[in-house]
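As the structure lists them, so they are numbered: ligands from 1, and atoms in each ligand from 1. Keep in mind the model is a prediction, meaning the values are calculated, not measured.
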Amino acid sequence: MLEEFRNEPLTNFADEHNRRQMEDAIAAVHAALGQEYDLIIGGRRIRTADKIRSLNPSNIDEVVGYVSKADTELANQAIQAAAEAYKTWSRMSPFARARVMLKAAAIMRRRRLELAAWEAFEEGKTWAEADGDVAEAIDYLEYYPRLMMDMANRRDLTRIPGEDNEAMYIPLGVGIIIPPWNFPLAILTGMTSAAVVAGNTVVLKPASASPVVGAKFMEVMEEAGLPPGVINFLPGSGGAIGDYLVSHPMTRFIAFTGSKEVGLHINTLAAQTQPGQIWIKRVVAEMGGKDAIVVDETADLDAAAAGIVTSAFGFQGQKCSACSRVIATAPIYDELLKRVVERTKALRIGPATDYATQVGPVVDQAAYDKIFSYIEIGKKEGRLVAGGGKAPGNGYYIEPTIFADVPVEARIAQEEIFGPVLAFMKAQDFRDAIRLANSTEYGLTGSVYSRNREHLETARVEFHVGNLYFNRKCTGALVGVHPFGGFNMSGTDSKAGGPDYLLLFTQMKVVSEAL
Ligand code: NAP
Ligand code: MG
């Protein structure tokens, strides 16, 4: 019997012992930078001439690793290897599959700070953010096996005389797992482990900005005893091999997390039946956000300001759940803005590997350029009240930036920037605030800071987002506690880390025997 699921506690770095251990982990990973990582297809390691050079965004002279890059021929081999492994893995007991995941959780727990250090180097995650990401990955490896075991034990059919009926949740087939780089271990582990524990086999194409962390995940799964071919590791450019993987006739499902543009493209492509294809492909697509925090005149303004700054600038605003809009009612608008600007200006910017850093660099040159282009747009659409410029350092450092008095139709109030840029908007009253909050095509997360019970109850019904929070930040969803996923253009609302998630990776077979 397994004990009940519990979230992995976060590491307290204020404790000097933990701090030293993290410093040691950072030193060890620093010494291990610049190595080569291979593709893994059917358990075989394959090295290609063409490689992804993964840079440290905090110091772009440092190469975190050189990662082999697949082409479509290797992508085909990976799908064939997954199909071969499916023959045995899909027939294995769900309990045996679950045990591999639980073993992987134990290995990750032992390597916890080392994995966090890799994230600090490869993605520019601060200590706390990196630690949280590894903890979330461990949570998925503990949560989904328990769900699978529950599903295997479920007996909820109605009995009728003279018949024996059984329902089984069986896997779908070969899946393509396409995670983003921003939760490089957590989301990758979550989507992959859910698919695999349910009995599917997969091709895992990590994001090109986080392939080394993906390779570390593969080390963990191999050590846990996962059979070859169950997860095929296929780094490569999404633009070059993504369409091939998605449209392959042997692909049964695609689990994607990333931008709206790519998610919609995958959905369209997956809907086109290929010669030889004998199923409708299933698409799980979790996409972007334009998340708002609403603050009314009854709110605790200090708590609201603290929640806004953490939600907007934690991991440099590069979270799907990040707050990118503040909607404040008129009576407290100026005061709230002042407090948020004060806190923002006090944030310490620096290399993610430094303990003291609160805001690190953004992930790469493309993100850096895109964010600055939005800052230029913002200067025409709103009033710049904080940041707006480069921050010093040999990396992709951007000052946390705030624009005030942004109108609802502004591009910086409608489009996902995915960086440390926040738009402040003024509402006439609470109703107006909810109207503004619902004014984008997205619907992922949102918060309301208020002490007015009627306002909270109105928001509970009318604020149309998949994850709504009251009097707390809008980031930091916990596995099992806050099943996560958004509405509208934020995706298919798959609710990762929730009790129904595995249904997306299974189909129910019912066998009825006359007695
Ligand atoms: P992205 O640019 O859409 O990339 C996501 C993944 O798709 C990457 O692995 C990428 O590969 C791949 N890809 C690109 N083109 C493809 C194609 N034609 N076919 C198949 N795959 C393709 O997103 P990102 O920049 O990594 O991540 C940021 C986005 O993710 C934001 O929009 C954020 O809101 C969203 N996100 C959503 C959630 C959620 O739960 N809703 C969570 C986290 C992030 P390459 O890296 O090789 O291009
Ligand atoms: Mg991208």
Go through the side-chain N and O atoms of E122 and S54 and say whether any donor and acceptor fall under 3.5 Å apart. yes
For ligand 1, is A496 a contact, meaning one of its heavy atoms is under 4.0 Å away? no
Is there a side-chain contact between E416 and Y442 in this structure, where contact means two heavy atoms from C-beta onward sitting under 4.5 Å apart? yes
N/O to N/O below 3.5 Å, does that happen between P179 and ligand 1? yes
Using a distance-only test with no angle check, is there a side-chain donor-acceptor pair under 3.5 angstrom linking Q77 and E73? yes
Sequence neighbours excluded - side chain to side chain donor-acceptor pair (under 3.5 Å) pairs with any residue from residues 361-371: Q365-D369
Checking the N or O distance criterion of under 3.5 Å, is ligand 1 in contact with S259? yes
State whether F183 and K125 meet the cation-pi test: NZ (Lys) or CZ (Arg) under 6.0 Å from the six-membered ring centroid, and within 45° of the perpendicular axis. yes
For ligand 1, is there an N or O atom under 3.5 Å from any N or O atom of W181? yes
So which pairs with a foot in residues 464-490 pass salt bridge (charged side-chain N to carboxylate O under 4.0 Å, His left out), sequence neighbours left out? none
When you compare ligand 1 with S237, is there at least one nitrogen or oxygen pair between them that comes in under 3.5 angstrom? no
Could you see which bit of N182 sits under 4.0 Å from ligand 1, with heavy atoms only: side chain, backbone, both or neither? side chain
Derivation and outcome, side chain to side chain donor-acceptor pair (under 3.5 Å), residues Q316 and Y396: CA-CA 11 Å; Q316 299 76 263; Y396 305 117; over 6 Å; no
Out of G288, G258, S210, P180, whose heavy atom sits nearest atom 35 (C) of ligand 1? G258
For atom 10 (C) of ligand 1, which of the options H265, K205, K290, K495 provides the nearest non-hydrogen atom? K205
Under 3.5 Å, N or O to N or O, is S208 touching ligand 1 that way? yes
Out of I241, I176, D291, I178, whose heavy atom is nearest to atom 12 (C) of ligand 1? I178
Can you list the atoms of ligand 1 that are under 4.0 Å from a heavy atom of I187? 42 (C), 43 (C)
Per-atom filter on ligand 1: closer than 4.0 angstrom to a heavy atom of F256 are 3 (O), 5 (C), 6 (C), 7 (O)
Counting only heavy atoms not in I280, do more than 12 fall under 6.0 Å of its CD1? no
Under 4.0 Å from one or more heavy atoms of G236, ligand 1 contributes atoms 47 (O)
Just by distance, with hydrogens left out, do E286 and S494 show a side-chain donor and acceptor under 3.5 Å apart? yes
Under 4.0 Å from any heavy atom of L444, which atoms of ligand 1 are there? 41 (N)
Is I266 close to ligand 1, meaning an N/O of one under 3.5 Å from an N/O of the other? no
Could E8 and R109 be called an ion pair, given the rule that one side-chain N must be under 4.0 Å from one carboxylate O? yes
Atom 20 (C) of ligand 1: of G190, G242, A209, the nearest heavy atom sits on G242
Beyond-backbone contact of I46 with D38, side-chain heavy atoms, under 4.5 angstrom: no
M287 N/O under 3.5 Å from ligand 1 N/O: yes
